[in-house]
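As structure tokens, the structure follows; a few thoughts come after it.
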Amino acid sequence: AIDASGDSYRWWEYVSAAVVSGLKNLQPEMTYQVVLWQQDGPQAFPSGLRHIDESMRGELESFLKSAPLSGTADPGPAIEEALDDGPRHIIIITGQDLTDAQLEQITSQLEDESSLRIDVVMISANLPAQLAQLAESHQGHAVELARTQVRMWMDDAAAAAEVEPAPAE
């Protein structure tokens, strides 16, 4: 579940590129779905958990590039939509300072999902203790990242992709 509120414009380009790039690491039997939380409610691609292929990677890239980043957004409906298909892993990515009510809602939605791994990435914002505890109790990780750190990782990944492997001898 990715925050697509107005505040995310500062890091959206880097995170969306990282999401698309990260899908290359999925094993063939793995499925995925990206759910955005937006001012007008959640938006998902694809609808339901799906296996990745090259055409879907391009469609996902277009979906993320065309996402309207505006206003304030509530993560609750997006997390609810993400849970609909019974995922085994949820990654929450945001840069907004979540309200106490939003933190309580996220915690209540996810705390009883004992078989679900939860990771949290806070970009240029303080990681709330509730989310760190939620991730830890669900075999996940919670991290704070500076926007510049995300950009450096993307630059390093792009540079690595441009280097061709040495020919086999």
Side-chain angles (χ1 to χ4, degrees), residues 1-98 102 106 109-110 116-125 131 135 140-165:
I2 306 173
D3 175 3
S5 67
D7 289 342
S8 61
Y9 76 91
R10 297 172 303 196
W11 47 263
W12 184 260
E13 176 184 354
Y14 310 122
V15 168
S16 59
V19 167
V20 172
S21 177
L23 290 177
K24 294 175 186 174
N25 298 324
L26 287 182
Q27 300 299 319
E29 70 276 4
M30 298 173 114
T31 57
Y32 82 101
Q33 180 183 39
V34 175
V35 181
L36 307 181
W37 75 72
Q38 300 175 301
Q39 184 172 353
D40 296 332
Q43 189 175 20
F45 181 86
S47 59
L49 294 171
R50 300 284 185 268
H51 294 280
I52 189 69
D53 62 33
E54 281 306 313
S55 68
M56 288 189 73
R57 188 174 287 116
E59 290 176 41
L60 174 62
E61 194 168 5
S62 296
F63 168 76
L64 293 171
K65 283 184 179 179
S66 66
L69 309 176
S70 64
T72 58
D74 179 7
I79 291 173
E80 185 177 317
E81 181 158 335
L83 290 171
D84 280 349
D85 289 319
R88 295 189 334 224
H89 188 186
I90 287 184
I91 303 170
I92 299 170
I93 304 173
T94 186
Q96 71 174 284
D97 291 320
L98 299 169
Q102 289 172 323
I106 292 169
Q109 286 176 293
L110 297 173
L116 181 66
R117 177 181 170 158
I118 300 170
D119 291 316
V120 178
V121 179
M122 294 295 290
I123 301 173
S124 299
L131 291 183
H141 301 283
V143 296
E144 289 180 18
L145 296 177
R147 185 177 72 237
T148 54
Q149 187 174 10
V150 176
R151 181 179 179 177
M152 286 188 310
W153 284 347
M154 289 310 305
D155 290 346
D156 290 348
E162 292 174 7
V163 176
E164 293 190 24

Legend entry - Residue pair L64 / W12: nearest heavy atoms and the distance that separates them: O-NE1, 3.0 Å
Inset, instruction - Starting at CD of E144, measure out to CD of Q149 and round the result to the nearest 0.5 Å. - result: 10.5 Å
Inset, instruction - Check the surroundings of atom CG in D97: do more than 12 heavy atoms from other residues, nucleotides or ligands lie under 6.0 Å from it? - result: no
Inset, instruction - Would you check, one step at a time, whether the test side-chain contact (heavy atoms from CB on, under 4.5 Å) holds for V143 with D119? - result: CA-CA 8 Å; V143 296; D119 291 316; over 6 Å; no
Inset, instruction - For D7, check side-chain hydrogen bond (donor to acceptor under 3.5 Å, both in side chains) against everything at least two apart and list the hits. - result: none
Inset, instruction - Could you pull out all residues at least two apart from E29 that satisfy side chain to side chain contact (heavy atoms under 4.5 Å, CB included)? - result: Q27
Inset, instruction - Could you grab the distance from atom CG of D85 to atom CZ of R50, nearest 0.5 Å is fine? - result: 7.5 Å
Under 3.5 Å, sequence neighbours excluded: what are the donor-acceptor pairs made by side chains of residues 68-80?
from, atom 1, to, atom 2, distance (Å)
D74, OD1, G76, N, 3.1

Legend entry - Distance (rounded to the nearest 0.5 Å) between Q38 CD and Q43 CD: 4.5 Å
Inset, instruction - Using the test side-chain hydrogen bond (donor to acceptor under 3.5 Å, both in side chains), find all partners of D40 that sit at least two apart in sequence or belong to another chain. - result: none
Inset, instruction - Show your reasoning for whether side-chain contact (heavy atoms from CB on, under 4.5 Å) applies to V15 and V121. - result: CA-CA 10 Å; V15 168; V121 179; over 6 Å; no
Inset, instruction - Quick one: which residue pairs count as a ring-ring contact (aromatic ring centres under 6.0 Å, His included) with a foot in residues 44-82, not counting sequence neighbours? - result: F45-F63
Legend entry - side chain to side chain contact (heavy atoms under 4.5 Å, CB included) partners for E61, two or more places apart: V20, K65
Inset, instruction - Quick one: pull up CD1 in I52 and CE in M30 and give me the separation to the nearest 0.5 Å. - result: 12.0 Å
Legend entry - Non-neighbouring partners of Q33 that pass side-chain hydrogen bond (donor to acceptor under 3.5 Å, both in side chains), sequence neighbours left out: none
Inset, instruction - Measure the shortest side-chain to side-chain distance between W11 and I93 over non-hydrogen atoms and say whether it is less than 4.5 angstrom. - result: yes
Inset, instruction - Taking all heavy atoms of R147 and all of R10, pick out the closest pair and write down the distance. - result: CD-O, 2.6 Å
Legend entry - Test side-chain contact (heavy atoms from CB on, under 4.5 Å) applied to V35 and I90, step by step: CA-CA 10 Å; V35 181; I90 287 184; over 6 Å; no
Legend entry - Pairwise side-chain contact, M122 with T94, heavy-atom cut-off 4.5 Å (strictly under): yes
Inset, instruction - Could you name each residue pair satisfying ring-ring contact (aromatic ring centres under 6.0 Å, His included) that touches residues 19-44, not counting sequence neighbours? - result: none
Inset, instruction - Applying side-chain hydrogen bond (donor to acceptor under 3.5 Å, both in side chains), name anything that partners S8, two or more places apart in sequence or on another chain. - result: none
Inset, instruction - Can you sort out the partners of R57 under salt bridge (Lys or Arg N to Asp or Glu O under 4.0 Å), two or more places apart, ordered by chain and number? - result: E54
Legend entry - Inter- and intrachain pairs under ring-ring contact (aromatic ring centres under 6.0 Å, His included), touching residues 78-98, at least two apart: none
Inset, instruction - Mind checking the CG-CD1 spacing from L131 to I118? Nearest 0.5 Å is all I need. - result: 9.5 Å
Legend entry - Check: A17 main-chain N/O paired with S21 side-chain donor or acceptor under 3.5 Å: no
Inset, instruction - List in chain and number order the residues that pass side chain to side chain contact (heavy atoms under 4.5 Å, CB included) with S55, two or more places apart in sequence or in another chain; answer none if no residue qualifies. - result: D53, E59
Inset, instruction - Taking the side chain as every heavy atom from C-beta outward, state whether I123 and D3 have any pair of such atoms under 4.5 Å apart. - result: no
